[in-house]
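Only one structure is covered here, and it is reproduced in the block below.
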Amino acid sequence: MKKIMWLMLVALLSLLPSVADAKKQAEPVDSVRILFIGNSFTYHNKMPQMVDSIATSQKRAVSITTVVKGGQRLSGHLENPKLHELLKKVTMFASD
């Protein structure tokens, strides 16, 4: 249960910088990009879908990408080349 709460907290905290940046801009943001990195707790509890539902109820557009594998730890994800490519894309967008 603590792991689920921790994952939800991380997911929600990942929204804060994007929301803060969106408020600074004069033009409305098309969508907020969210990257879920997790394991079976992430997909069995349907966390990406929950966040999408919350965003939809607030009339916010989100683009959700997931990198999940059952039983995977963060150390295992760090060895995943797909994750490294996604993180490179995120940092490229962040410098814009």
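What you see is a predicted model, and the numbers here were worked out from it, not measured in a lab.
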From CG (N80) to CD (Q72), nearest 0.5 Å: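 It comes to 7.5 Å.
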
Same apolar cluster (I L V M F W Y, side chains within < 4.5 Å links), I34/Y43: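 No, it is not one cluster - the side chains of I34 and Y43 are not joined through contacts under 4.5 Å.
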
Contact summary for H84 and L78, nearest pair of heavy atoms: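 Closest approach of H84 to L78, heavy atoms only: NE2-O, 2.5 Å.
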
Partners passing salt bridge (Lys or Arg N to Asp or Glu O under 4.0 Å) against E85 (at least two apart in sequence or in another chain):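 E85: salt bridge (Lys or Arg N to Asp or Glu O under 4.0 Å) contacts with K88.
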
F36 and I64: CA distance, side-chain angles, deciding distance, side chain to side chain contact (heavy atoms under 4.5 Å, CB included) verdict: CA-CA 7 Å; F36 279 92; I64 297 177; 3.7 Å; yes

For residues 49-56, tabulate all N or O donor-acceptor pairs below 3.5 Å that involve a side-chain atom, not counting sequence neighbours.
residue, atom, partner, partner atom, Å
S53, OG, Q49, O, 3.0
T56, OG1, D52, O, 2.8

Close side-chain approach of N39 and V68, heavy atoms under 4.5 Å: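 Contact flag for N39/V68 side chains = no.
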
Summary of salt bridge (Lys or Arg N to Asp or Glu O under 4.0 Å) pairs that have at least one residue in residues 62-83, sequence neighbours excluded: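 Residue pairs with at least one partner in residues 62-83: there are none.
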
For T65, all residues meeting side-chain contact (heavy atoms from CB on, under 4.5 Å), sequence neighbours excluded: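 T65 satisfies side-chain contact (heavy atoms from CB on, under 4.5 Å) with L35, L86 once adjacent residues are dropped.
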
Set of side-chain contact (heavy atoms from CB on, under 4.5 Å) partners for S63, sequence neighbours left out: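 Only S31, R33 meet the side-chain contact (heavy atoms from CB on, under 4.5 Å) criterion with S63.
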
